[in-house]
Every structure is written in structure tokens, then in C-alpha cells.
Enquirer: 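Pasting a structure below so you can have a look.
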Amino acid sequence: MSRAAPPAPPGAEAAEANVGPAWELRGWRLSLHHPLVMGILNVTPDSFSDGGRLPSPEAALRRARELAEAGADLLDVGGESTRPGAAEVSQAEELRRVLPVVRLLTSKLGLPVSVDTRKAAVARAALNEGAAAVNDVSGLDDPEMAQAIASAGAGAVLMHMRGTPATMRSLARYRDVGEEVAAELGGALGRARIAGIPEAAIILDPGLGFAKTADHNLHLLRDLRPLLALGRPILLGPSRKAFLGELLDGAPPGERDVATAAACALGYAAGARLFRVHDVRAARDALRVAHAVCGGGRA
Ligand code: HH2
């Protein structure tokens, strides 16, 4: 008796059509034929789940090695918490936190490093220290950011949010969250293209938790088709976020890694290809299962 092939998961076809073979970032080529995991390295005193854990560049390097060992494909270094209500960090302070860590990681680790920043000056300095990509949660809000990325030949993650971390909560109002996030992210994509950032360098992110309610996050995880229609691979950052805590009867951030892995697997089935997480091993394992179930074979 022969079995019918399982139906393709929603988004899978669109994902295959537009991911292209690889994400190209400053000489690195990360294949998108299997899920990619971005390990989070927050060098902040106040990040919502891991603030204050990495007091020195050496501690950051030790943590980076653990993330690499667990299977991270790249590492994302951030010097500013963007949790809801977070205060802005000065450029000088962000540079002081981020640069020594980027310098150490790019010289000691054989993995690409991205810098999580909204400031073009911080991006430029990190790129000078060897960072391969910029992860901009503001979607190129700083008028000099697109040029900073383009002239370095760096990769770009363009995330959707509204307002700033201080104001975004009140801006979580949508008629159709998927269509509106895609339309607004399309503006950032246009700015990237005009600045000359190559297509193969650009990744899009709906910004889970950024000007989104829990229901908006669930809707986006369920249906990424409007974003996939923009024609670029999708990154998701569900890691330890409050909407998972709500689903787990108020579990604290440190107890949300299994839920994060589940969200990654479902996001993969919906068409996302990159995942920004704290617990790399858990996400990696869940994504290997998702990849095999979706017909991609063994990752
Ligand atoms: N989420 C956070 C930070 N950067 N970047 C992208 N591309 N996508 C995300 O969803 C995303 C991101 C917030 O999480 P975290 O870094 O854990 O916390 P904090 O902002 O408090 O440092």
C-alpha cells in the first residue's frame, strides 16, 4: 500500500521559492537549505532574561564558545536592551559594551558575528572590528544605517517595530497584523535596496513582541505568507518572550526555553528560516525535527 505524501505545511512553498541558496554576509555564505540558529549574546546589565550575566569580554567569549558548541550558526552581540519600556542607552555606552566583545569574538571564533544595534555609528564601529552583519530592530530608522551596511558589504536583518521600546506597547493596533507588518517592513526593504545592500544580504523579521500583543505574535507565527511575499528569508526571535510566559501560566524567562523551541519549530513550518535564541541546543534539536518533518531530510 502506498501512502500519499503529507500536505506541505503552510508557507513552505513560498519559503522555498524565495529563500535562495544562502545568506551572504561579508564573505560568509550561510546555506538556507536548512534552518539557521543565531545565538544571543547580550552584553547589557538589564536585558529581560539574561542581563548582567557577561560582565567582561572574556566572559562573553566563554559564553560564545558554549553557543558555538551547542550548534549556533552565528552570534548576535547586543549592547542595548530593547524590552518594552527600556530606556535608551547612549552611543558611548553602547560602544563601550559592544566593541571589545565583537573584537574578541571575530578574532577568536570561527563564526560570523552580527551586532544588534539601532545606531549607525555603533554598526560602523562593529563592522570595522570584523562584524559580518547588522541586526537592526528599528528597520533602518537611523538615516545613515543603510549606507553603513551597504558600504561594508555586510548582511542586514531588518526587523519590524513601531515607535521605540519606550512607546511601542501603545502602538500594537492592527486591522490585519500580517499585512500591515509586511507593508511597513516593505518600506525598510526599499530603503535597503536604494542604499545598494544586495538582495542576498537581506533578511526580514516581523519583530515578535515589538509593538505586538500575544495574539499578534501567535498570528504571525501561524501565518507568515504576507511577509514571505516580500521575497526575502524570514528570521524569528521568539526566545523567552512574554507571550510564551503567558501561555505557560506566568513561567519566568528562564523557564521558557522548551516553549521557545516549539515556537521555532512551528515558525519553520510556517516558512521562517533563521531563529534568534538564547538556548541554542534546544532550538537546534527542535528545528532538526521540523526540517525532517517538512521534507528537508536530516539537517
Ligand atoms: N528581540 C530582541 C532583541 N533583538 N532582534 C531581532 N532581529 N529579532 C528579535 O525578535 C529581537 C532582536 C529582544 O530580546 P533580547 O535580546 O533577549 O532582550 P533585550 O532586548 O532585553 O536585550
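Note that this is a predicted model, so its numbers are computed, not measured.
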Enquirer: So, the side chain of Arg118 versus the backbone of Asp142: is there a donor-acceptor pair under 3.5 Å, distance only?
Expert: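 The answer is no, because no donor-acceptor pair under 3.5 Å joins these two groups.
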Enquirer: State the CZ-CD distance between Arg162 and Glu184, to the nearest 0.5 angstrom.
Expert: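 Answer rounded to 0.5 Å: 4.0 Å.
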Enquirer: Could you tell me whether a side-chain N or O of Arg256 sits under 3.5 Å from a main-chain N or O of Arg240, the two making a donor and an acceptor?
Expert: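 Checked: pair present.
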Enquirer: At their closest point, which heavy atom of Leu95 faces which heavy atom of Ala125, and how far apart are they?
Expert: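 Here Leu95 and Ala125 meet closest at CD2-CB, 3.6 Å.
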Enquirer: Output, in order, the C-alpha distance, side-chain angles, deciding distance and verdict of side-chain contact (heavy atoms from CB on, under 4.5 Å) for Thr44 and Val89.
Expert: CA-CA 10 Å; Thr44 50; Val89 172; over 6 Å; no
Enquirer: Backbone N or O of Leu61 within a donor-acceptor pair of the Lys108 side chain at under 3.5 Å?
Expert: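 Between the backbone of Leu61 and the side chain of Lys108 there is no qualifying donor-acceptor contact (under 3.5 Å).
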Enquirer: Could you measure the distance from the CG atom of Leu75 to the CG atom of Leu41? Nearest 0.5 Å is fine.
Expert: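 That separation rounds to 6.0 Å.
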Enquirer: Can you name the closest pair of heavy atoms from Gly78 and Val98 and give their distance?
Expert: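 Reported closest heavy-atom pair: C-CG2, 4.0 Å.
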Enquirer: May I ask you to list the residues sharing a hydrophobic cluster with Ile40, side-chain cutoff 4.5 Å, ordered by chain and number?
Expert: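 Cluster partners of Ile40: none, it stands alone.
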Enquirer: Taking atom CZ of Arg97 and atom CG of Leu99, what is their separation to the nearest 0.5 Å?
Expert: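 Separation between the atoms: 12.5 Å.
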Enquirer: Heavy atoms, side chains only, cut-off 4.5 Å: are Val181 and Pro226 in contact?
Expert: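 No; the side chains remain at least 4.5 Å from each other.
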Enquirer: Is the Phe275 ring parallel, tilted or perpendicular to the Tyr268 ring (thresholds 30°, 60°)?
Expert: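 The arrangement is tilted - the two ring planes meet at 30° to 60°.
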Enquirer: Tell me, do Asn217 and Lys241 make a side-chain contact under 4.5 Å, heavy atoms counted?
Expert: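 Asn217 vs Lys241: side chains apart.
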Enquirer: Taking the side chain as everything from C-beta on, heavy atoms only, tell me whether Arg103 gets closer than 4.5 Å to Pro57.
Expert: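 Counting from C-beta outward, Arg103 and Pro57 never come under 4.5 Å.
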Enquirer: Which atom pairs, donor and acceptor, lie under 3.5 Å between side-chain atoms of residues 194-201 and protein residues at least two apart or in another chain?
Expert:
| residue | atom | partner | partner atom | Å |
| --- | --- | --- | --- | --- |
| Glu199 | OE1 | Arg193 | NH2 | 3.0 |
| Glu199 | OE2 | Arg193 | NE | 2.6 |

Enquirer: Evaluate the side-chain contact (heavy atoms from CB on, under 4.5 Å) criterion for residues Val77 and Val43: first the C-alpha distance (whole Å), next the side-chain angles of each, then the deciding distance (0.1 Å), finally the verdict.
Expert: CA-CA 7 Å; Val77 177; Val43 286; 4.0 Å; yes
Enquirer: Is there a donor-acceptor pair under 3.5 Å between the side chain of Arg191 and the backbone N or O of Gly139?
Expert: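 Side chain of Arg191 to backbone of Gly139, a donor-acceptor pair under 3.5 Å: yes, one is there.
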Enquirer: Considering all heavy atoms of both residues, which atom of Cys264 and which atom of Leu287 are nearest to each other, and what is their separation?
Expert: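 Between these two residues, the closest heavy atoms are O-CD2, 3.6 Å.
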Enquirer: Measure across Val134 and Ala123 and return the closest heavy-atom pair with its distance rounded to 0.1 Å.
Expert: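 Closest approach of Val134 to Ala123, heavy atoms only: CG2-CB, 3.8 Å.
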Enquirer: Mark yes or no for whether His291, through its side chain, and Gly296, through its backbone, hold a donor-acceptor pair below 3.5 Å.
Expert: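 A pair under 3.5 Å: yes.
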Enquirer: Taking Arg83 for its side chain and Asp46 for its backbone only, find out whether a donor-acceptor pair lies under 3.5 Å.
Expert: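 Looks like yes, one N/O pair under 3.5 Å.
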Enquirer: Could you grab the distance from atom CH2 of Trp28 to atom CG of Leu74, nearest 0.5 Å is fine?
Expert: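 Reported value, rounded in 0.5 Å steps: 9.5 Å.
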Enquirer: Is there a donor-acceptor pair under 3.5 Å between the side chain of Arg169 and the backbone N or O of Gly85?
Expert: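 No; judged by distance alone, with no hydrogens or angles, the pair does not exist.
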Enquirer: Are the side chain of Ser47 and the backbone N or O of Asp50 linked by a donor-acceptor pair below 3.5 Å?
Expert: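 No, the answer is negative, given that no donor and acceptor are paired below the 3.5 Å cut-off.
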Enquirer: Donor-acceptor check, side chain of Asp223 to backbone of Arg225, threshold 3.5 angstrom: yes or no?
Expert: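 Looks like yes, one N/O pair under 3.5 Å.
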Enquirer: State which residues pass ring-ring contact (aromatic ring centres under 6.0 Å, His included) with His216; sequence neighbours excluded, sorted by chain then number.
Expert: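 Counting only residues at least two positions away or on another chain, His216 forms a ring-ring contact (aromatic ring centres under 6.0 Å, His included) with Tyr174.
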Enquirer: Does either side chain, that of His219 or that of Lys212, offer a donor lying less than 3.5 Å from an acceptor on the other one?
Expert: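 Not at all, the side chains of His219 and Lys212 share no donor-acceptor pair under 3.5 Å.
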Enquirer: Check each of Val157, Leu32, Leu236 against Leu274 using the side-chain contact (heavy atoms from CB on, under 4.5 Å) test, and report the only one that passes.
Expert: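 Single side-chain contact (heavy atoms from CB on, under 4.5 Å) partner of Leu274 among Val157, Leu32, Leu236: Leu32.
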Enquirer: Determine whether Leu111 and Val102 fall in the same hydrophobic cluster, where Ile, Leu, Val, Met, Phe, Trp and Tyr are linked whenever their side-chain heavy atoms lie under 4.5 Å apart.
Expert: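 Yes; Val102 is reachable from Leu111 via cluster members.
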Enquirer: Let me check something: do Leu109 and Leu67 share a hydrophobic cluster, defined by ILVMFWY side-chain heavy atoms less than 4.5 Å apart, either directly or through other members?
Expert: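 Yes, it is one cluster - the side chains of Leu109 and Leu67 are joined through contacts under 4.5 Å.
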Enquirer: In Å and rounded to the nearest 0.5 Å, what is the CZ to CD1 distance from Arg232 to Ile203?
Expert: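 Going from CZ on Arg232 over to CD1 on Ile203, the span is 6.0 Å.
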Enquirer: Between Leu36 and Leu266, is there shared hydrophobic-cluster membership here, with clusters defined by ILVMFWY side-chain heavy atoms closer than 4.5 Å?
Expert: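 In one cluster with Leu36: Leu266, no.
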Enquirer: Would a 4.5 Å heavy-atom cut-off, applied to side chains only, mark Leu127 and Arg26 as touching?
Expert: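 The answer is yes, as the side chains (C-beta and beyond) meet within the 4.5 Å cut-off.
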Enquirer: Looking at side-chain heavy atoms only, is the closest gap between Leu248 and Val258 below 4.5 Å?
Expert: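 In short, these two side chains do not touch, never coming nearer than 4.5 Å.
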Enquirer: Where do Ile234 and Pro206 come nearest, in terms of heavy atoms and distance?
Expert: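 Looking at all heavy atoms of both residues, the shortest contact is CG2-CD, 3.9 Å.
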Enquirer: Can you tell me how far the CZ atom of Arg276 sits from the CG atom of Leu235, to the nearest 0.5 Å?
Expert: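 With rounding to 0.5 Å, CZ (Arg276) is 8.5 Å from CG (Leu235).
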Enquirer: How far apart are the closest heavy atoms of Ile202 and Leu204, and which atoms are they?
Expert: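 Smallest interatomic distance, heavy atoms only, reads CG2-CD2, 4.2 Å.
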Enquirer: Do Phe243 and Leu221 have side chains that get closer than 4.5 Å, going by heavy atoms?
Expert: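 They are in side-chain contact.
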Enquirer: Scan for salt bridge (Lys or Arg N to Asp or Glu O under 4.0 Å) pairs involving residues 202-211, sequence neighbours excluded, and state none if there are none.
Expert: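 As it turns out, there is no salt bridge (Lys or Arg N to Asp or Glu O under 4.0 Å) pair with a partner in residues 202-211 once direct neighbours are skipped.
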Enquirer: Pick from Glu94, Glu80, Gln91: which one makes a side-chain hydrogen bond (donor to acceptor under 3.5 Å, both in side chains) with Thr117?
Expert: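 Per the side-chain hydrogen bond (donor to acceptor under 3.5 Å, both in side chains) rule, the option paired with Thr117 is Glu94, out of Glu94, Glu80, Gln91.
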Enquirer: Could you tell me whether a side-chain N or O of Glu180 sits under 3.5 Å from a main-chain N or O of Arg175, the two making a donor and an acceptor?
Expert: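 Here the side-chain-to-backbone pair exists.
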Enquirer: Members other than Phe210 in its cluster, when Ile, Leu, Val, Met, Phe, Trp, Tyr link by side-chain heavy atoms under 4.5 Å?
Expert: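 Taking Ile, Leu, Val, Met, Phe, Trp and Tyr as members, Phe210 shares its hydrophobic cluster with Val137, Met159, Met161, Met168.
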Enquirer: Using a strict threshold of under 4.0 Å (side-chain N to carboxylate O), is an ion pair present between Glu93 and Arg96?
Expert: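 Yes, Arg96 and Glu93 are salt-bridged.
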Enquirer: Are Glu66 and Arg63 close enough, and set up right, to give a salt bridge (Lys or Arg N to Asp or Glu O under 4.0 Å), and what steps lead you there?
Expert: CA-CA 5 Å; Glu66 288 170 10; Arg63 178 71 188 135; 2.8 Å; yes
Enquirer: Would you mind writing out the side-chain donor-acceptor pairs for residues 277-286 within the sub-3.5 Å range, not counting sequence neighbours?
Expert:
| residue | atom | partner | partner atom | Å |
| --- | --- | --- | --- | --- |
| His278 | ND1 | Ser239 | OG | 2.7 |
| His278 | NE2 | Ser49 | OG | 3.2 |
| Asp279 | OD1 | Arg281 | N | 3.3 |
| Asp279 | OD1 | Ala282 | N | 3.1 |
| Arg281 | NH2 | Glu69 | O | 3.3 |
| Arg284 | NH1 | Gly71 | O | 2.8 |
| Arg284 | NH1 | Asp73 | OD2 | 3.0 |
| Arg284 | NH2 | Pro35 | O | 2.9 |

Enquirer: Counting C-beta onward and ignoring hydrogens, is there a side-chain heavy-atom pair between Leu218 and Leu247 closer than 4.5 Å?
Expert: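 Sidechains of Leu247 and Leu218: in contact.
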